[in-house]
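Below is one structure, written out as structure tokens; the observations come after it.
Both backbone and side-chain heavy atoms feed into the values below; hydrogens, waters and symmetry mates do not.
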Amino acid sequence: MTKPFYTIAVTGLNAVDNPGPGVPVIRSLKEATSFDCRIVGFCYEMLEPGAYMKDLVDVCYQVPYPSAGADALWVRLKEIQEVEKIDVVIPNFDAELFSYIKLRADLLRIGMHLFLPTFEQFESRQKYNLEAFCNSCGIRSPKSFNCTSPEAFFKEEWNYPVVLKGKFYEAYVVSDKEHFLSVFSHIISCWGAPAIVQEYIDGVEFNVIGCSDGHGRLLAAVPMRKQYITDKGKAWAGVSICDERIIRLAEQFATRWCGAFELELIKAKNGDLYVLEVNPRIPAWVYLSTAAGVNIPEMLVHLALGQEVEPQQKYAVGKMFVRYSWDMIVDQSEFAEFSVTGVKHNH
């Protein structure tokens, strides 16, 4: 029996020290057993490495930065759709999701399907809303403070160290007042206000990737323990684990969610689990989940197209990922083509 064939657009093709999820999402889609696919990359910059991976990406288009707004994105996506006839779009950056959620109905009208949280769901789990959100659904989270100025924070009674986070990305453990001032300035310049101050909890870090059907049902969840963490708090190595408490926490969260998600967790020394962050999309370590037997990008394609997806509870424990980088050699003419035309053909 012939498998269906889909054209799927994927964002997040950067692969630097804080890599986007795009490349591992594409690897997962290429290994899907229920369909074959052609991949269209959406890039913000010409040197996003995924654009040059010819075995993974068939064609790549430059799209406007999220700061340009939904209207600019809509104009560009209509142009691309006239050529590519994309079936499904999988956006992979927090900062771009607002525009895709806003454009969902318009994109569906021209044949582009998405499976995303509602705007209300997206906002409820923002870092500056996290403590209230977790309290509302009976989940522990560290105490937090939305900080618009260092002076406002210094008036509060907090003990160092604390964790200082950007609105969208980056997190640093801050040890004293001088360190706070330096990091605060950097975060505000990159991501805008507020910065989020979070209570520091000493413990072991875990993450869980999951997918909810939007009707309160958890379709899949794979937890992993971080084995190596970068200075930006990103997992550079991790191993899939069996932890029923983490799975139950994901089930609890899934009742309030639609689509893929990642919960960043810490297990304190007394055994309590705290949610540090809720990421509203596929994480960059998604290929570990796929290798463990749960292909969440494949699930998202079926969900976006309105197809039935059965829960997948079994996964392999003890699968480990170790991230690495390598030098990919391309002709300068490829970069020049992309720079001039905003389109890069790999086939």
Next item on the list: Return the orientation label for the Phe321 and Trp285 ring planes: parallel under 30°, perpendicular over 60°, tilted otherwise.
Entry: parallel
Margin query: Measuring from atom CD of Glu277 to atom OG of Ser141, what distance do you get when rounded to the nearest 0.5 angstrom?
Written below: 11.5 Å
Margin query: Looking at His113 and Gly111, would you say the former's side chain and the latter's main chain have a donor-acceptor pair under 3.5 Å?
Written below: yes
Item checked: Cationic N near anionic O, under 4.0 Å, Lys165 to Glu199 -> no
Notebook entry, point to check: Hey, what do you get for CG (Asn207) to CZ (Arg225), rounding to the nearest 0.5 Å?
Noted result: 12.5 Å
Margin query: Atom CG of residue position Asp327 - does it have more than 12 heavy atoms of other residues, nucleotides or ligands inside 6.0 Å?
Written below: no
Checklist line | Side-chain heavy-atom pair Ile80, Val63 within 4.5 angstrom cut-off | finding: yes
Margin query: Could you check whether Lys267 makes a cation-pi contact with Phe206, meaning its NZ or CZ is under 6.0 Å from the centre of the six-membered ring and within 45° of the ring axis?
Written below: yes
Next item on the list: Inspect the contact between Glu131 and Lys143 and indicate whether a charged nitrogen and a carboxylate oxygen are less than 4.0 angstrom apart.
Entry: no
Check: Are the side chain of Asn92 and the backbone N or O of Pro21 linked by a donor-acceptor pair below 3.5 Å?
Finding: no
Margin query: Are Glu298 and Glu31 packed together at the side-chain level, in the sense that at least one heavy-atom pair is separated by less than 4.5 angstrom?
Written below: no
Next item on the list: For Glu156, look at atom CD and say whether over 12 heavy atoms of other residues, nucleotides or ligands are found less than 6.0 Å away.
Entry: yes
Check: Hey, are the side chains of Met224 and Val208 touching, using non-hydrogen atoms and a 4.5 Å cut-off?
Finding: no
Next item on the list: Look at Glu79 together with Arg76 and state whether they make a salt bridge at an N to O cut-off of under 4.0 Å.
Entry: yes
Next item on the list: Taking atom types as modelled, find out whether Arg256 and Ser212 have a side-chain donor-acceptor pair closer than 3.5 angstrom.
Entry: no
Notebook entry, point to check: Is atom OH of Tyr324 surrounded by more than 12 heavy atoms (other residues, nucleotides or ligands) closer than 6.0 Å?
Noted result: no
Check: Within a strict 4.5 Å, meaning less than it, do heavy atoms of the Trp158 and Val197 side chains meet?
Finding: yes
Check: Is there a side-chain contact between Asp213 and Val309 (heavy atoms, below 4.5 Å)?
Finding: no
Note to self: Are the side chains of Tyr65 and Glu45 in contact, using a 4.5 Å heavy-atom criterion?
What the structure shows: yes
Checklist line | Distance in Å, Glu84 CD paired with Ile8 CD1, rounded so as to fall on 0.5 Å steps | finding: 13.0 Å
Check: Could you state the interatomic distance from CD (Gln121) to CH2 (Trp257), rounded to the nearest 0.5 Å?
Finding: 6.0 Å
Checklist line | His179 ring center within less than 6.0 Å of Tyr172 ring center | finding: no
Margin query: Using ring centroids (six-membered ring only for Trp), state whether Phe98 and Phe122 fall under 6.0 Å.
Written below: no
Check: Looking at CD1 of Ile139 and CG of Leu265, how far apart are the two atoms once the value is rounded to the nearest 0.5 Å?
Finding: 9.0 Å
Next item on the list: Mark yes or no: Lys177 above the aromatic ring of Phe154, with NZ or CZ under 6.0 Å from the six-membered ring centre and no more than 45 degrees from the axis.
Entry: yes
Notebook entry, point to check: Does CG in Asp55 sit with more than 12 non-hydrogen atoms of other residues, nucleotides or ligands closer than 6.0 Å?
Noted result: yes
Checklist line | Gln313, CD: over 12 other non-hydrogen atoms inside 6.0 angstrom | finding: no
Next item on the list: May I ask you to establish whether Lys102 and Trp74 are in a cation-pi arrangement, using a distance under 6.0 Å from NZ or CZ to the six-membered ring centre and at most 45° from the ring axis?
Entry: no
Next item on the list: State whether the side chain of Thr148 and the backbone N or O of Pro194 hold a donor-acceptor pair below 3.5 Å, judged by distance alone.
Entry: no
Checklist line | Between Phe35 and Tyr6, ring centroids under 6.0 Å | finding: yes
Next item on the list: Ignoring hydrogens and angles, tell me if any N or O in the side chain of Lys344 forms a donor-acceptor pair with the backbone of Phe335 under 3.5 Å.
Entry: no
Note to self: Return the CD to CD1 distance between Gln312 and Ile296, rounded to the nearest 0.5 Å.
What the structure shows: 9.0 Å
Next item on the list: Classify the angle between the aromatic ring planes of Tyr160 and Phe153 as parallel (below 30°), tilted (30 to 60°) or perpendicular (above 60°).
Entry: perpendicular
